There are 2 protein chains.
Amino acid sequence: MSRSSKQKEAMLRILRRTTSHPSVDWIYEEVRREIPNISLGTIYRNLNMLKAEGAIIELSFGGAPTRYDGNCQPHYHFRCIKCGRVCDIDGQVNGDLDKRVAEDSGLEVLGHRLEFYGFCQDCGGCKESNAHPDR
Amino acid sequence: MSRSSKQKEAMLRILRRTTSHPSVDWIYEEVRREIPNISLGTIYRNLNMLKAEGAIIELSFGGAPTRYDGNCQPHYHFRCIKCGRVCDIDGQVNGDLDKRVAEDSGLEVLGHRLEFYGFCQDCGGCKESNAHPDR
DNA sequence: AATATAATAATAACAATTACTATTATGTCG
DNA sequence: CGACATAATAGTAATTGTTATTATTATATT
Ligand SMILES: [Mn+2]
Ligand SMILES: [Mn+2]
Ligand SMILES: [Zn+2]
Ligand SMILES: [Zn+2]
C-alpha cells in the first residue's frame, strides 16, 4: 500500500532528531537542505500520512500554526504565549479523565486534547514583544 | 472607548440564547436575519472584541473551525468527531492542574486548554459518514 | 446641533492547507 | 533482470478561514 520515498524518510528522520515540535515551514526548510526541490505539498501530504500511521503526533490547537512531534509517547505540552515555543511536560497523561467524563455524561469519550500555556523561562521577565518566534 | 452598535448587541444576544457553541458562519447567517447587510468582517471584529472584553469564550482547537460560547462560566467541552457537535461538560475546571505543572516544570503556567472528543449520543451507533455537521 | 472618532460594509489581502495533474519513482511479478 | 501497475512527487492552482484597508455611517460628547 504505502511505498517508501526519500522525502518521507527524510521528514521522519528530521522529526525524530529534534525536540522543538517544529512547524510545517521549519520542516520544509530543513528537508530542503537535503532535497532542495521538495514541494510543500509533499510536506503536508507526508505529515498527514505519518500522522495516520501513528509515526508522529500533530499538535494542532487554534490560533497558532500546527506543530509536529516525532515523539509518539503520549505526553502533554506547554506553549509560550510570547515566543511560541512548545515544550514537553513530564508526568503521565490522565487517562482516567476520559473515563470520569464518560460516566458522568454518558458520552462515548475516546480521548482529550490538553495544552498548557503561559510564559517560558526565557520570556518570564519581559512580556512585551515577540522575541524568538517558532522556537 | 468601545461604543455600542446594533450589530454587536445582536451578536451577543444570539450567542446568549443558544447552547450550540456556533461557528462564525452560523452566527453570520443568524445575525443576517435581523441585519441582512451585515458584513462578515464585522462578525469577526465583534467576536474578537467580545472575547477581549470577556463577554464570550472562543473554542479554538485545530482541525475544525472556531466555535463561540456565550456562557462565560469556565467549563470544558466535548466535541463529536463525527457530526462536529460541541456540548458542555458538567463538573468544575481543574485549576490545580496549572499549579502542579508550574511546580514540576518551573514554567509560568497561566492556564490550559482542554477538550474531550468522541461520539455523541446521536453518532454512537453509526460511525461512518458525516450526518449532521455544525450541530 | 456641531464635533470627534469608533464602528461599519465592502472589498482586498493574507496565511494555512488542500486539490489537481502531468511526470517520476517504487515495488511486484513474470 | 525488464515490463507493468500505481503510489508518490513537483509544480501549480484553488479553497478556507481570517485579518487589513478604506471610504462611509453611527454613536457619544460637548
Ligand atoms: Mn512533545
Ligand atoms: Mn459551553
Ligand atoms: Zn517564550
Ligand atoms: Zn455526533
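Since this is a predicted model, take the numbers as computed values, not measurements. In what follows, every chain begins at residue 1, and chains take the letters A, B, ... in the order their sequences are listed.
- Remark: side-chain polar atoms of B:Arg85 are not paired, donor with acceptor, to backbone N or O of B:Cys80 under 3.5 angstrom.
- Distance B:Tyr44 OH to C:dT8 C1': 17 Å, rounded to the nearest Å.
- One can place CZ of A:Arg3 at 12 Å from P of D:dA5, the figure rounded to the nearest angstrom.
- The nearest whole Å value for the distance from the NZ atom in B:Lys6 to the P atom in D:dA28 is 14 Å.
- Contact annotation: the side chain of A:Trp26 approaches that of A:Ile14 to within less than 4.5 Å [non-hydrogen atoms, C-beta and beyond].
- Aromatic ring orientation, B:Phe61 versus A:Phe61: tilted (interplanar angle from 30° to 60°).
- Set against D:dA8, D:dG17, C:dA4, the side chain of A:Lys8 has D:dA8 as its closest nucleotide.
- Summary of the strand contacts: B:Thr66 and B:Gln7 both lie near DNA chain D, and taking for each the nucleotide with the nearest heavy atom, the more 5' one is attributed to B:Thr66.
- Applying the side-chain hydrogen bond (donor to acceptor under 3.5 Å, both in side chains) rule to A:Lys51 yields the partners A:Glu58; only residues at least two apart in sequence or on another chain are considered.
- Shown for residues 30-43 of chain B: residues whose heavy atoms fall under 4.0 angstrom of DNA chain C, namely B:Asn37, B:Ile38, B:Ser39, B:Thr42.
- Nearest nucleotide to the A:Asn46 side chain, out of D:dT9, C:dA7, C:dT17: D:dT9.
- You'll find the side chain of A:Asp88 reaches within 4.5 Å of the side chain of A:Asp69, heavy atoms only.
- Side chain of B:Arg79 to backbone of B:Ala64: no donor-acceptor contact under 3.5 angstrom is found.
- As rounded to whole Å, 15 Å separates atom C1' of C:dT18 from atom OH of A:Tyr28.
- Between B:Ser4 and C:dA7 there is no side-chain N or O to OP1 or OP2 distance below 4.0 Å.
- Within the structure, a side-chain polar atom (N or O) of B:Ser5 is placed less than 4.0 Å from OP1 or OP2 of C:dT8.
- Taking every side-chain heavy atom of B:Pro65 into account, D:dG17 is the closest of C:dG27, D:dG17, C:dA9.
- Closest to the side chain of B:Arg45, out of D:dA8, D:dT19, C:dA7, is C:dA7.
- In this structure the side chain of A:Lys8 reaches within 4.5 angstrom of the side chain of A:Ser2, judged on heavy atoms.
- If you take CH2 of A:Trp26 and P of C:dA16, they are 17 Å apart, rounded to a whole angstrom.
- Here C:dC14 presents its C1' atom at 14 Å from CG of A:Asp25, a figure rounded to the nearest Å.
- Atom-to-atom, NZ of A:Lys51 to C1' of C:dT18 comes out at 12 Å; the value is rounded to the nearest Å.
- Atom CG in A:Asn48 sits about 18 Å away from atom P in D:dA7, given to the nearest Å.
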